[in-house]
Structure formats: structure tokens, C-alpha cells
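The figures that follow rest on heavy atoms only: side chains count, while hydrogens, waters and symmetry mates do not. Proteins come first, then strands; the chains are lettered A, B, ... in the order of their sequence lines, and each starts at number 1. The structure presented is a predicted model; accordingly, all values stated were derived computationally and were not measured.
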Amino acid sequence: MSEPTFATLVSRWYEENARDLPWRKPDTTAWAILVSEVMLQQTPVVRVLPAWEAWLARWPVPAALAADTPAEAIRMWGRLGYPRRAVRLRDCAVAIVERHGGEVPEKLDQLLALPGVGTYTARAVAAFAFGQRHPVVDTNVRRVVCRAIAGEPDAGPATRPADLVATEELLPAEPAAAALASAAFMELGAVVCTARSPRCPACPVERVCAWRASGQVAPAGPTRRPQRYAGTDRQVRGLLLAVLREATGPVPHQRLDQVWTDDVQRARALAGLVTDGLVEPVGEESFRLTGDGPAVPLPHP
DNA sequence: ATCCGGTTCC
DNA sequence: GGAACGGGAT
């Protein structure tokens with residue numbers, strides 16, 4: 001008898017302790033899983049839950065979202081943050097309809113080619129929606145593997161090819177078991193092997209963890225430089241978008257001028273929203289969410 | 001390497 | 001007030 005593998009230990013723990021998240025139910029469609037993964041980029045689970053339910057109730061298949069306007073996607077996105085994701089997700093739905101007949105593609109390279117789908121999301125969908133054997137590496141998994149296997153405090157700011165390799169080597173050979181293990185690694189990083197206060201006594205691999213064995217050395221420097229929000233263009237974009245989201249049609253620029261006093265910064269933020277496809281000008285004086293109304297304004301009577 | 005939200009906790 | 005949160009695009 002050999003010792004259980006790392007993946008087996010974590011997978012057993014996962015089956016006993018996994019959070020009951022709706023996108024993990026067996027009959028969840030690939031589209032619903034893709035939507036969950038995009039929403040979960042940078043965003044805590046508790047905030048995604050209601051938005052995910054509402055989004056799929058309205059657009060249960062990619063073709064439904066593709067037929068609607070970017071403006072409606074931006075409105076449904078609500079306050080999830082990084083609203084470019086809403087526009088990209090709609091672009092993604094359009095691409096799925098045009099390239100794949102409305103079905104979420106199964107091949108990794110086809111997924112990677114979709115708007116808003118990067119190396120993490122493509123692998124997550126391939127594994128969790130289609131049961132394929134791929135390493136799925138977000139920062140949680142990267143941290144788990146760096147610590148438990150390499151005994152290092154943490155990885156850098158981005159996922160490196162070596163992180164993919166190190167994670168792949170941990171996966172069971174059988175695809176379904178590999179997908180389960182990937183979900184289990186993510187869960188472990190999210191709720192036990194956390195960045196700042198790991199709950200090692202609750203960890204299923206505490207006995208074999210190289211990082212634990214080496215005294216849990218702290219990262220050398222600051223892992224990430226702090227990200228401010230107050231006073232940045234991002235805050236101004238948020239304020240502008242809030243006004244446009246509430247409006248039903250074009251908003252005169254005089255109303256947008258009121259959300260921020262610095263003319264230069266406000267103009268830069270608005271131009272950025274236009275560049276990103278979130279907002280479009282209407283005539284000389286007004287702006288609206290992209291596609292929020294007729295393409296050509298009706299002439300005055 | 002930098003930009004891109006918004007909420008929650010300290 | 002300020003930090004934590006962390007994937008994709010450029």
C-alpha cells in the first residue's frame with residue numbers, strides 16, 4: 001500500500017468540506033460555468049452569487065446575451081466592479097454564436113481565443129465544464145503549490161509557466177479525478193491556505209506541507225504594491241457610469257460634469273469609457289451606455 | 001508593467 | 001482613511 005497522493009488528500013477533504021456553490025451543481029451548463037468564472041475574476045463569491053443567478057435567468061444561453069445590447073449587459077452587471085468584463089462577456093457570447101454555433105467550445109485554444117477569457121478562465125472552463133485534465137492555476141492554487149510542494153512562501157504577481165507545470169504534475173491521470181483535484185486545490189487556497197492567515201490545523205496536507213515543515217517563511221518583500229482607489233480615474237469612471245446606468249437614454253454632458261470637479265480628469269475618464277466600449281457619444285452634447293437606444297437618433301420633428 | 005471597481009474589514 | 005481582494009488586456 002502506498003501513501004495517498006497530495007491530490008487524493010486534498011480531494012477527499014474537498015468532498016467533505018466544499019462550499020455549496022450553485023455553479024458546482026452537476027447539471028450546470030458550460031455557459032453558466034463560464035459566466036461564473038468571469039464574474040469571479042477579482043470578485044468575492046458572496047457578491048457574485050446573486051449577480052450570477054440574475055444574469056443566467058435573463059440570458060440562459062450565449063445567443064440570448066449576444067442578441068441584447070452592451071448597455072443591458074452593463075446594467076445587469078450592477079456593482080460587481082470592472083464593468084469592462086460585462087462588455088467582454090457579451091463580446092464573448094457573440095463570438096460563441098459566430099464561431100461555434102452558440103455552444104461554448106471545448107478545446108482549450110478555442111476558449112483562449114474568446115474575449116475576456118485568459119489562461120486561467122480557459123482552463124477552468126475546460127476542466128469544470130468539460131471534465132478535461134488541465135492544470136487550473138489562479139493565485140490561490142499558485143500559493144498552495146508554492147507552499148506545500150516547493151516550500152516557498154508565494155509566487156510573484158503573475159502565474160508562470162513553471163506554476164502550470166508544477167500543478168500539472170500533481171493531477172491524477174484520470175480526467176474527472178484531475179478536474180476534481182483542481183477544484184479542490186482552489187477551495188483549499190480560498191478557505192484554508194489563505195494568503196495572510198493560513199488555517200494550517202484545518203489543512204488536509206499539513207503533514208506533508210514543505211512550507212509548514214520549513215517554518216512558514218514569510219515572503220521576502222511586499223507581494224503586491226497597494227492599489228489605491230479614492231481619487232483615481234477608476235473612481236471617476238465608476239461615478240460617470242453610475243449616472244449613465246440609471247438613465248434610460250442619452251445623458252447631457254452637463255449632468256456628467258457634476259460628478260467630478262476636475263475637468264481634465266473627468267474628460268480623461270469619460271474618454272476611457274468610450275475607448276473601452278462602455279459608453280458612446282450621442283450627437284455633440286450627450287453620452288449613453290453603448291447601444292442604449294437607436295443607432296441613429298431620430299431627427300427632430 | 002499598468003490599468004481596470006467596488007465592498008468589506010481594519 | 002486605508003488596505004485586501006486578484007485575472008485579463010495592452
Side-chain angles (χ1 to χ4, degrees), chain A residues 33-51 73-92 95 108 111-128 134-146 154-161 163-164 167 182 185-187 189-191 193-198 218-219 221-246 259-260 265 268-279 289:
Chain A
I33 289 172
L34 172 54
V35 171
S36 79
E37 292 296 346
V38 172
M39 288 184 170
L40 287 164
Q41 294 165 3
Q42 323 292 304
T43 311
V45 165
V46 288
R47 291 175 54 201
V48 166
L49 284 167
I74 293 164
R75 287 205 177 88
M76 283 298 282
W77 198 254
R79 297 181 164 276
L80 273 186
Y82 296 110
R84 287 195 296 198
R85 290 184 292 168
V87 175
R88 291 207 193 107
L89 189 49
R90 183 186 165 279
D91 291 342
C92 179
L108 195 55
L111 287 163
L112 268 172
L114 297 171
V117 176
T119 59
Y120 163 74
T121 304
R123 287 180 161 77
V125 171
F128 304 144
H134 295 292
V136 182
V137 184
D138 67 351
T139 53
N140 286 324
V141 174
R142 207 173 63 229
R143 185 173 57 251
V144 167
V145 174
C146 281
D154 218 325
T159 296
R160 309 155 299 186
D163 298 320
L164 274 296
T167 304
S182 291
F185 294 162
M186 294 185 62
E187 188 78 351
V191 306
C193 195
T194 55
R196 303 223 293 167
S197 304
T223 314
R224 169 177 68 237
R225 99 179 186 301
Q227 167 121 280
R228 54 251 155 260
Y229 178 59
T232 62
D233 286 5
R234 291 158 60 220
Q235 184 185 15
V236 182
R237 285 167 60 111
L239 293 169
L240 290 168
L241 209 59
V243 172
L244 290 158
R245 228 174 6 224
E246 296 307 312
V259 308
W260 198 256
Q265 188 176 22
R268 187 172 64 227
L270 184 56
L273 289 170
V274 172
T275 298
D276 290 344
L278 293 155
V279 172
L289 296 183

Q.
Rounded to whole Å, how long is the line connecting atom CG of Leu34(A) with atom P of dG7(C)?
A. 16 Å

Q: Starting from C1' on dG8(C), measure out to CG on Leu89(A) and report it in whole angstrom.
A: 13 Å

Q.
In whole Å, I'd like the distance from the CZ atom of Arg160(A) to the P atom of dG6(C).
A. 17 Å

Q: Rounded to whole angstrom, note down the P distance from dC10(B) over to dG6(C).
A: 16 Å

Q: Heavy atoms only: give me the nearest Asp276(A)-Arg84(A) pair and the separation to one decimal.
A: OD2-CD, 3.2 Å

Q | C1' gap between dC9(B) and dG7(C), integer Å | A | 23 Å

Q) In whole angstroms, how far is the P atom of dG7(C) from the CG atom of Leu164(A)? A) 13 Å

(Q) Could you check whether Glu37(A) and Tyr120(A), counting side-chain N and O atoms only, form a donor-acceptor pair closer than 3.5 Å? (A) yes

(Q) What does the 5'-to-3' dot-bracket notation of DNA chain C look like when only Watson-Crick and G-U wobble pairs under 3.5 Å count, and pairs to other strands show as |? (A) |||||.||||

(Q) Here's a test of your reading of the structure: between Leu114(A) and Arg196(A), which maps to the more 5' nucleotide of DNA chain C? (A) Arg196(A)

Q. Hey, what do you get for CG (Leu270(A)) to CG (Leu239(A)), rounding to the nearest 0.5 Å?
A. 12.5 Å

Q. What is the distance from CZ of Arg88(A) to P of dC3(B), rounded to the nearest Å?
A. 16 Å

Q: List the protein contact pattern of nucleotides 4-10 of chain B with one symbol per nucleotide (5' to 3'): B for base contact, S for sugar-phosphate-only contact, - for none; contact means a heavy-atom distance under 4.0 Å.
A: BBBS---

